[in-house]
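Since the structure is predicted, the reported quantities are computational estimates derived from the model, not experimental observations.
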Amino acid sequence: MAEDPQPRRQPRPQPEPPARDSGGPADVPGGRADVDAVTHAVLTASRLLVKVSARSLAAVAEPVTLPQYRLLAVLAAHGDAKLVDIAERLGVNPSTAMRMLDRLIVAGLATRQSNPCNRRETMLRLTPEGRTLVDRVTAVRHREISAIVERLTPEQRTALVGGLAAFTAAGGETAGPGEDTEPYPLGWSDTPARHSGG
């Protein structure tokens, strides 16, 4: 049997693919990549909700800023309150809350009255016009969000309800059924109020 004139080349060994750390947090459901993806999705949705909130306020054609409206919404949700309590709920200092309140009083949307139980305390209250404004903005916002939800399939709606319920529970927020006039309207962070005098 004749020998091959040239020796056969041995196949070059292929480099092994780098080992995947299947147990690493970025590679399993619930790991870092998963958390980042959900965070991105939530932030994207929040931008939409901010736009809906801004359009809802603009639709009523009232000269009220988002931070000022948040103050009205807190009063609508919690009733008469002291300035320090309002500032705490909004996450702003009392002087910022006072500036917003002063403008709302001039606009006829809120009042400042003495506490009948303690004359040294001043209580803040919505006027009927302020209550009407909150109700109108809430109704417009509700319609806009409902129109978006209607574009989802029934399966997507069910998943969204479950996901949002879990998200709000994880954040320590609770709401009863049908509560639309919350002190922090959807998508509104504390940021505008912290950097704005109203």
Side-chain angles (χ1 to χ4, degrees), residues 39 42-145 164-198:
T39 300
V42 170
L43 289 173
T44 302
S46 73
R47 286 197 297 271
L48 170 63
L49 293 171
V50 168
K51 291 179 182 178
V52 169
S53 298
R55 288 197 301 262
S56 301
L57 186 55
V60 302
E62 291 284 346
V64 176
T65 66
L66 291 176
Q68 289 169 355
Y69 177 79
R70 288 180 60 235
L71 192 155
L72 294 175
V74 168
L75 286 174
H78 298 282
D80 298 357
K82 295 184 292 186
L83 178 67
V84 64
D85 294 333
I86 291 293
E88 183 178 349
R89 289 185 185 278
L90 293 175
V92 301
N93 58 54
S95 62
T96 298
M98 177 62 78
R99 287 195 298 272
M100 288 192 286
L101 177 67
D102 287 342
R103 292 175 179 138
L104 293 171
I105 290 174
V106 170
L109 300 172
T111 62
R112 186 189 295 116
Q113 299 177 346
S114 296
N115 184 350
C117 300
N118 183 350
R119 294 291 178 182
R120 290 178 297 179
E121 287 183 349
T122 300
M123 302 299 289
L124 312 178
R125 174 179 298 175
L126 277 184
T127 63
E129 293 78 11
R131 171 68 65 176
T132 298
L133 172 62
V134 171
D135 290 345
R136 289 170 60 201
V137 173
T138 300
V140 173
R141 184 164 51 88
H142 190 281
R143 285 198 302 271
E144 281 222 35
I145 293 175
L164 289 177
F167 180 78
T168 53
E173 186 71 21
T174 58
E179 288 184 5
D180 280 342
T181 309
E182 70 282 355
Y184 301 100
L186 287 170
W188 297 9
S189 70
D190 286 339
T191 305
R194 288 185 187 280
H195 298 286
S196 170

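- Of the inter-residue distances, the one linking T96 atom OG1 with L71 atom CG reads 11.0 Å to the nearest 0.5 angstrom.
- D135 CG to H142 NE2: the interatomic distance, rounded to the nearest 0.5 Å, is 13.0 Å.
- Shortest non-hydrogen contact noted between V140 and S56 is CG1-CA, 3.7 Å.
- By the side-chain hydrogen bond (donor to acceptor under 3.5 Å, both in side chains) test, R125 pairs with D80, Q113, sequence neighbours left out.
- Remark: L48 pairs with V52, I148 by the side-chain contact (heavy atoms from CB on, under 4.5 Å) rule, at least two apart or across chains.
- Atom CG of residue N93 and atom CE of residue M98 lie 11.5 Å apart, to the nearest 0.5 angstrom.
- Of all heavy-atom pairs between L83 and L124, the closest is CA-CD1, 3.8 Å.
- For T127, the side-chain hydrogen bond (donor to acceptor under 3.5 Å, both in side chains) criterion is met by E129, not counting sequence neighbours.
- V60 is linked by a side-chain contact (heavy atoms from CB on, under 4.5 Å) to L57, E62, L133, R136, V137, counting only residues two or more places apart in sequence or in another chain.
- Contacts of D102 classified as salt bridge (Lys or Arg N to Asp or Glu O under 4.0 Å), with partners at least two apart in sequence or in another chain: R112.
- Within the model, atoms CZ of R103 and CG of L109 stand 13.5 Å from one another, a figure rounded to the nearest 0.5 Å.
- K51 pairs by the side-chain contact (heavy atoms from CB on, under 4.5 Å) definition with R55, not counting sequence neighbours.
- Atom CG in L72 sits 5.5 Å away from atom CG in L126 (nearest 0.5 Å).
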I'd like to know whether L90 forms a side-chain contact (heavy atoms from CB on, under 4.5 Å) with M100, so could you lay out the CA-CA distance, the side-chain angles of the two residues, the decisive distance to 0.1 Å, and finally the verdict.
CA-CA 11 Å; L90 293 175; M100 288 192 286; 3.9 Å; yes
